[in-house]
Amino acid sequence: MLLTGYLRDNQESVIERLKKKNFKQIELVSQAVEKDNERKKIQNQLDELLAQNNKLAEQIGTLMKSGLKEEGNVLKAETVALKEKSKELQSTLDECEKDLHDILVQIPNLPYELVPHGTTAEENEVVFSSGALPELPAEALPHWELCAKYDIIDFELGVKLTGAGFPVYKGKGAKLQRALINFFLEKAAEAGYLEVQPPILVNAQSGYGTGQLPDKEGQMYYVGMDEFYLIPTAEVPVTNIYRDVIIKAEDLPIKNTAYTPCFRREAGSYGKDVRGLNRLHQFDKVEIVQIQHPEKSYQTLEEMREYVAGLLNELQLPYRTLRLCGGDMSFASAMTYDMEVYSAAQKKWLEVSSVSNFESFQANRLKLRFREGNNKPALAHTLNGSALALPRIVAAILENNQTPQGIMIPEVLVKYTGFSIIN
RNA sequence: GGAGACUUGUCCGAGUGGUUGAAGGAGCAAGCCUGGAAAGUUUGUAUACGCGCAAGUGUAUCGAGGGUUCGAAUCCCUCAGUCUCCGCCA
């Protein structure tokens, strides 16, 4: 959520920048400013009334104390009309604030200056590519066939238990999952991230805090009986840890990592995009989150991008890094890098990480602030990235590392898996 | 799940209807003191939204939301959480 004060003072440049994000409803900006002015006016009036009432109440108090009941009752009569009016104003104020809020939550974050122009994924800027793509012999299999061949991931069984998109990992498949999770968590710990294990069900307030609600309500599984949502990413619970918190500037940056299963309804996805591990309803992911001083957040974004790249290097997977164009970025992001690995049998780039700086967009909703010395608290910047999402990493490992003898496990994982080949 | 007790500022803790945004203490910050430090001492120490160039000032906030009242941290209702006892159970 953007700050109304900022919208008011920078209307023109805000509109320019929103256009870069391919946002159509730019009239919302001026609507927000107008609503905010209205809000101020109403609040002024209401404050005035309440102040009068408070004064009268105080006077009545002293009169009653000194036994002047009559005079007190006279003043009491005066408060009746005041009270009624202020009640009325209060409800118009509530309504106005709600309207304002409804407008604000529809306005996406502003793109950072480095964000390229563009509306579709084709216009994303490739900022790094790890070189020549691996070529597999013609008889190479896509990962879903490898899964069946070695009986390590069973999609059919998942359908029986739950439905499509909920695979069952078996034997070395299950162990590979566990190995990846441990590898990622250990690397994150080495890089200074504090591991947390959050709930994977969250309340609506947390959903609002990080922006999944009201925007993407239909993308989350909802547990109606208790009004909880299954998390689509660990970002939600982990970032919400800091909701309504004021952090000391010297404690920044805050670095957290978490492994969680993630749940996404993926309504509207279909066809070959959802084949095998490419797109699941439930998957495992290790997430990294940082809360940083506004002046350092872009430096931190680069650091996080490099960190994720390091993981991919260690796994010896071919990858490229994209700087997303304005139109392809998420609602809340100011700048995003996507990391894609090449899955050689499918001959496809698969997104395995998305590293974003949200600047103060989430922090404003979360009321996540920091304080420098005795200054007033200011909104912090939030960043997060996948490090990494497992299924597509697994897909790429299976496909790229297949040999006639079996699937070779990347060197760095062997100490976690306890085996070096799936055969 | 049943019964009871409780939920106050960074922390501890007072406060059962009338200058209480909130006593007192601790912590923290600044000044004094000291060769330096400790101790001592003085002052300051919430957040949000308005108005104001500023000093300042108005309003709201004592778990959350509603209600009673001229006036609520204090009374009533609902919800959430914590603790104790019972029940159940990984």
Side-chain angles (χ1 to χ4, degrees), chain A residues 1-9 32-105 197-209 213 223-229 237 240-252 254 360-380:
Chain A
M1 199 158 70
L2 296 170
L3 290 162
T4 33
Y6 187 83
L7 292 182
R8 185 175 48 239
D9 299 339
V33 173
E34 277 164 37
K35 263 292 168 215
D36 191 46
N37 289 335
E38 197 182 318
R39 194 202 98 243
K40 280 189 205 168
K41 223 182 278 172
I42 298 170
Q43 192 169 90
N44 244 318
Q45 291 169 21
L46 179 62
D47 284 359
E48 181 65 28
L49 289 181
L50 291 174
Q52 276 178 41
N53 206 32
N54 285 345
K55 227 174 262 170
L56 281 175
E58 202 180 313
Q59 284 171 19
I60 293 170
T62 38
L63 286 176
M64 291 305 198
K65 248 188 181 170
S66 47
L68 299 169
K69 251 191 168 170
E70 298 276 314
E71 287 85 339
N73 285 330
V74 173
L75 289 185
K76 269 194 200 181
E78 274 187 54
T79 63
V80 176
L82 271 180
K83 235 184 126 182
E84 196 142 316
K85 247 200 255 170
S86 52
K87 242 185 189 166
E88 239 171 75
L89 264 183
Q90 181 66 59
S91 62
T92 32
L93 180 65
D94 290 346
E95 207 174 302
C96 183
E97 279 177 342
K98 189 185 166 295
D99 290 348
L100 176 60
H101 184 260
D102 287 349
I103 294 169
L104 286 174
V105 296
Q197 222 180 84
I200 58 177
L201 285 169
V202 294
N203 56 31
Q205 225 184 332
S206 295
Y208 278 101
L213 294 173
V223 183
M225 202 174 280
D226 292 293
E227 295 175 30
F228 293 146
Y229 293 87
N240 270 283
I241 291 173
Y242 303 96
R243 165 152 49 89
D244 291 318
V245 169
I246 299 175
I247 298 163
K248 287 199 210 103
E250 57 265 34
D251 292 337
L252 296 174
I254 288 188
S360 60
F361 191 83
Q362 287 182 332
N364 187 28
R365 280 203 201 186
L366 292 160
K367 298 280 166 287
L368 194 186
R369 293 166 293 175
F370 73 99
R371 188 203 298 277
E372 244 162 350
N374 287 325
N375 291 352
K376 273 188 57 141
L379 293 175

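Note on naming: letters A, B, ... go to the chains in the order of the sequence lines (proteins, then strands), and numbering restarts at 1 for each one. Everything numeric in this text was worked out from a predicted model, so none of it was measured.
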> What's the CZ-C1' distance between R243(A) and A64(B), to the nearest Å?
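Distance check: R243(A) CZ to A64(B) C1' gives 13 Å.
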
> Expressed as a whole number of Å, how far does the P atom of U20(B) sit from that of G24(B)?
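Roughly 12 Å separates the two P atoms.
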
> Have a look at Q43(A) and say if it touches a base, only the backbone sugar-phosphate, or nothing, with a 4.0 Å heavy-atom cut-off.
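Base, at least one base atom sits under 4.0 Å.
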
> Give the nucleotide from the list C51(B), U47(B), C70(B) with an atom nearest to the side chain of N44(A).
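Of C51(B), U47(B), C70(B), C51(B) is nearest to the side chain of N44(A).
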
> Across the strands shown, which category fits N54(A) at heavy-atom distances under 4.0 angstrom: base, sugar-phosphate, nothing?
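It contacts sugar-phosphate atoms only.
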
> Closest approach to the side chain of L50(A), judged atom by atom: which nucleotide of A60(B), G58(B), C70(B) is it?
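Selected nucleotide (nearest to the side chain): A60(B).
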
> Rounded to whole angstrom, note down the P distance from C77(B) over to A3(B).
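That atom pair is separated by 15 Å.
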
> Rounding to the closest angstrom, what is the interatomic distance between C62(B) and A55(B) at atom C1'?
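These two C1' atoms come out 30 Å apart once rounded.
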
> Give a yes or no on whether the backbone of S206(A) and the side-chain of N203(A) come within a donor-acceptor separation of less than 3.5 Å.
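Judged by distance alone, yes, a pair lies under 3.5 Å.
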
> Take atom CG of L56(A) and atom P of U59(B), then tell me their distance rounded to the nearest Å.
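Interatomic distance, CG of L56(A) to P of U59(B): 12 Å.
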
> Reading RNA chain B 5' to 3', how would its secondary structure be written in dot-bracket notation, given Watson-Crick and G-U pairs with both distances under 3.5 Å, brackets [ ] for crossing pairs and | for partners on other strands?
((((((((.[[[..)..(.....]]]((((((.......))))))((((((....)))))).[[[[[..)....]]]]])))))))....

> Please determine, for the side chain of K83(A), which listed nucleotide (A48(B), U69(B), G58(B)) has the closest atom?
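The listed nucleotide nearest to K83(A)'s side chain is U69(B).
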
> For nucleotides G71(B) and U59(B), find the distance between their C1' atoms and express it as a whole number of Å.
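G71(B) and U59(B) have their C1' atoms separated by 16 Å.
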
> Select one nucleotide: of G58(B), A60(B), G18(B), the one nearest the side-chain heavy atoms of M64(A).
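Nearest nucleotide to the side chain: G18(B).
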
> Which nucleotide, C51(B), U47(B), A60(B), lies nearest any side-chain atom of R369(A)?
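Of the options given, the side chain of R369(A) lies nearest U47(B).
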
> For the P atoms, the ones on G63(B) and on C11(B), what distance do you get once it is rounded to whole angstrom?
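Approximately 13 Å lies between the P atom of G63(B) and that of C11(B).
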
> How far does the P atom of G67(B) sit from the matching atom of A73(B), given to the nearest Å?
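Here G67(B) and A73(B) have their P atoms 15 Å from each other.
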
> Can you tell me which nucleotide in U47(B), G50(B), U59(B) comes closest to the side chain of K40(A)?
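Of U47(B), G50(B), U59(B), G50(B) is nearest to the side chain of K40(A).
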
> Roughly, in whole Å, what's the span from CD in Q45(A) to P in C51(B)?
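The distance from CD of Q45(A) to P of C51(B) comes to 13 Å, rounded to the nearest Å.
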
> List the steps and the verdict of salt bridge (charged side-chain N to carboxylate O under 4.0 Å, His left out) for E38(A) and K35(A).
CA-CA 5 Å; E38(A) 197 182 318; K35(A) 263 292 168 215; 3.4 Å; yes

> Inspect the contact between D244(A) and K367(A) and indicate whether a charged nitrogen and a carboxylate oxygen are less than 4.0 angstrom apart.
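Judged by the 4.0 Å cut-off on N to carboxylate O distance, K367(A) and D244(A) do not form a salt bridge.
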
> So, taking the atom named CD in Q205(A) and the one named CG in L366(A), what distance separates them when rounded to the nearest 0.5 Å?
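So the CD of Q205(A) and the CG of L366(A) are separated by 10.0 Å.
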
> Closer to the 5' end of RNA chain B via nearest nucleotide, is it I60(A) or K55(A)?
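Looking at RNA chain B, the more 5' nearest nucleotide goes with K55(A).
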
> Rounded to the nearest Å, what distance is computed from the NZ atom of residue K367(A) to the C1' atom of nucleotide C49(B)?
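Rounding to the nearest Å, NZ of K367(A) and C1' of C49(B) are 11 Å apart.
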
> To the nearest Å, how far apart are R8(A) CZ and G50(B) P?
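Rounding to the nearest Å, CZ of R8(A) and P of G50(B) are 7 Å apart.
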
> When you compare G25(B) with C33(B), how far apart are their P atoms, in angstrom units rounded to a whole number?
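Pairwise P distance, G25(B) against C33(B), rounds to 24 Å.
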
> Establish, from distance only, whether the side-chain atoms of D94(A) and S91(A) form a donor-acceptor pair under 3.5 Å.
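No, no side-chain donor-acceptor contact under 3.5 Å.
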
> Can we say K55(A) and E58(A) salt-bridge, meaning some charged N sits less than 4.0 Å from an Asp/Glu carboxylate O?
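Looking at K55(A) and E58(A), the cut-off is not met.
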
> Write down the distance separating the P atoms in C32(B) and A64(B), rounded off to the nearest Å.
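Comparing P positions in C32(B) and A64(B) gives a spacing of 42 Å.
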
> Rounded to the nearest Å, what distance is computed from the CD1 atom of residue I246(A) to the C1' atom of nucleotide C28(B)?
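Rounding to the nearest Å, CD1 of I246(A) and C1' of C28(B) are 15 Å apart.
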
> Where each residue is assigned the nucleotide of RNA chain B containing its nearest heavy atom, which of V80(A) and Q52(A) is assigned the position nearer the 5′ end?
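Upstream on the strand: Q52(A).
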
> Take atom CD of E78(A) and atom P of G71(B), then tell me their distance rounded to the nearest Å.
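Taking atom P of G71(B) as the reference, CD of E78(A) is at 14 Å.
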
> Keeping the roles fixed (side chain from D36(A), backbone from T4(A)), state whether a donor-acceptor pair exists under 3.5 Å.
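Flag not set: sc D36(A) to bb T4(A) has no pair under 3.5 Å.
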
> With rounding to the nearest 0.5 angstrom, report the CG to CZ distance, L213(A) to R365(A).
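L213(A) atom CG to R365(A) atom CZ measures 8.5 Å (nearest 0.5 Å).
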
> Go through the steps to decide whether L368(A) and Q362(A) satisfy the test side-chain contact (heavy atoms from CB on, under 4.5 Å), and finish with yes or no.
CA-CA 8 Å; L368(A) 194 186; Q362(A) 287 182 332; over 6 Å; no

> Look at the side chain of N53(A) and decide which nucleotide, out of U47(B), U59(B), C70(B), has an atom nearest to it.
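Within the option list, the nearest is C70(B).
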
> Write down the distance between CZ (R39(A)) and C1' (U59(B)), rounded to a whole number of angstrom.
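Distance, rounded to whole Å: 12 Å.
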
> Look at the side-chain N and O atoms of R371(A) and state whether any lies under 4.0 Å from the OP1 or OP2 oxygen of U47(B).
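Looking at the OP1 and OP2 atoms of U47(B), one of them is under 4.0 Å from a side-chain N or O of R371(A).
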
